[in-house]
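Data first, discussion second: the structure below is written as structure tokens.
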Amino acid sequence: MRVLIVEDEPYLAEAIRDGLRLEAIAADIAGDGDAALELLSVNAYDIAVLDRDIPGPSGDEVAAHIVDSGTGMPILMLTAADRLDDKASGFELGADDYLTKPFALKELVLRLRALDRRRAHHRPPVREIAGLRLDPFRREVFRDGKYVALTRKQFAVLEVLVAAEGGVVSAEDLLERAWDENADPFTNAVRITVSALRKRLGEPWVIATVPGVGYRIEAGADRG
């Protein structure tokens, strides 16, 4: 299990991280909303432990970003408030569990493991096409049985293409589904990412360009 801890009190964040490591749970720390969004953009986490009252983008905004990303990542919110309406608003934002400060580390560990078990019961299906095997839950890709290391963005693009089952996906759709709402519609990010993804997957190319339309997986690609 890999956890992102979003907490602006350094001593508390480090104590949580060190305690989780003793329980064989990997943990990274973000001290504010901007750092949290940056880590979420480059790393894959199983659960977010999120303090609502943090500098920069608030904990609520970070939670909304996680929910909108569609990864299904569980969120455990931390707060100093113990009022029912505070908890209710947190659950409405998409939190899966709530823990009021101060709390015992053992309780946090138990709640994290419960969330991880619940997540495991709702794993998205593994998809296979043209020699590709994509596991959305483990964030792993294999081609003809060989593991392929991808960046988070490359994985997101491939996931959209594989889900289309050989259908054409436009660059605009890829930009909308694999990037955030602030992405520049005139950027070359899609073309550059698809080009890098092709190279990672290796020859013969499994992603075809449909001129003027978009991209698709060559379902009948000859894999030699």
Side-chain angles (χ1 to χ4, degrees), residues 1-4 26-28 30 34-48 62 65-74 116 119-120 122-224:
M1 191 192 318
R2 187 176 185 184
V3 174
L4 175 62
D28 296 335
D34 287 322
L37 294 176
E38 174 65 23
L39 286 174
L40 287 167
S41 71
V42 297
N43 299 316
Y45 294 99
D46 297 303
I47 302 174
V62 175
H65 172 84
I66 292 173
V67 172
D68 290 343
S69 71
T71 61
M73 183 195 309
D116 194 46
R119 181 172 183 258
H122 295 86
R123 296 183 181 185
V126 173
R127 294 182 180 273
E128 297 189 33
I129 184 174
L132 296 175
R133 185 177 188 274
L134 185 146
D135 187 335
F137 181 78
R138 296 184 180 276
R139 313 292 291 180
E140 292 179 341
V141 173
F142 294 83
R143 184 173 188 191
D144 296 331
K146 183 178 179 180
Y147 175 72
V148 181
L150 300 180
T151 67
R152 187 180 181 89
K153 193 61 67 179
Q154 289 167 356
F155 186 94
V157 168
L158 183 61
E159 189 172 18
V160 174
L161 291 173
V162 169
E165 299 181 335
V168 178
V169 182
S170 69
E172 291 77 12
D173 282 344
L174 283 173
L175 194 65
E176 180 179 342
R177 297 171 63 183
W179 275 261
D180 62 32
E181 62 182 7
N182 297 316
D184 181 356
F186 300 105
T187 183
N188 288 324
V190 172
R191 180 179 57 80
I192 293 170
T193 301
V194 170
S195 177
L197 179 56
R198 279 198 184 104
K199 293 176 182 177
R200 288 287 184 97
L201 294 173
E203 296 184 356
W205 304 136
V206 72
I207 301 176
T209 299
V210 182
V213 183
Y215 307 91
R216 66 182 177 86
I217 298 293
E218 288 274 29
D222 179 9
R223 300 187 296 279

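To the nearest 0.5 angstrom, Ile66 atom CD1 is 5.0 Å from Leu40 atom CG. Separating the CG atom in Leu158 from the NZ atom in Lys153 is a distance of 14.0 Å, to the nearest 0.5 Å. Separating the CG atom in Leu197 from the CG atom in Leu161 is a distance of 7.5 Å, to the nearest 0.5 Å. Distance CZ/Arg127 to CD/Glu165: 6.0 Å, rounded to 0.5 Å. Note that CZ of Arg198 is 12.0 Å distant from OG1 of Thr193, once rounded to the nearest 0.5 Å.
A pairwise comparison of heavy atoms in Ala36 and Leu4 identifies O-CD2, 4.1 Å as the closest pair. When all heavy atoms are compared, the tightest approach of Asp116 to Ile47 is N-CD1, 4.0 Å. When all heavy atoms of Pro204 and Arg143 are compared, the pair lying nearest together is O-NH2, 2.7 Å. Considering every non-hydrogen atom in both Ala208 and Glu218, the closest pair reads CB-OE2, 3.4 Å. When all heavy atoms of Val190 and Ala171 are compared, the pair lying nearest together is CG2-O, 3.7 Å. Between Met73 and Tyr45, the shortest heavy-atom contact is CE-O, 3.7 Å.
Residues Ile129 and Leu134 fail the side-chain proximity criterion, which asks for heavy atoms closer than 4.5 Å.
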Side chain to side chain contact (heavy atoms under 4.5 Å, CB included) assessment of Val160 paired with Asp173: CA-CA 9 Å; Val160 174; Asp173 282 344; 6.0 Å; no

Side chain to side chain contact (heavy atoms under 4.5 Å, CB included) between Arg191 and Tyr215, intermediate numbers included: CA-CA 10 Å; Arg191 180 179 57 80; Tyr215 307 91; 4.0 Å; yes

From CA spacing to verdict: side chain to side chain contact (heavy atoms under 4.5 Å, CB included), Asp34, Glu38: CA-CA 6 Å; Asp34 287 322; Glu38 174 65 23; over 6 Å; no

Residue pair Val162, Val141: steps toward the side chain to side chain contact (heavy atoms under 4.5 Å, CB included) verdict: CA-CA 11 Å; Val162 169; Val141 173; over 6 Å; no

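Looking only at distances, a side-chain donor or acceptor of Arg200 sits under 3.5 Å from a matching main-chain atom of Ala149. In this structure, Asp46 contributes its side chain and Arg2 its backbone to a donor-acceptor pair below 3.5 Å.
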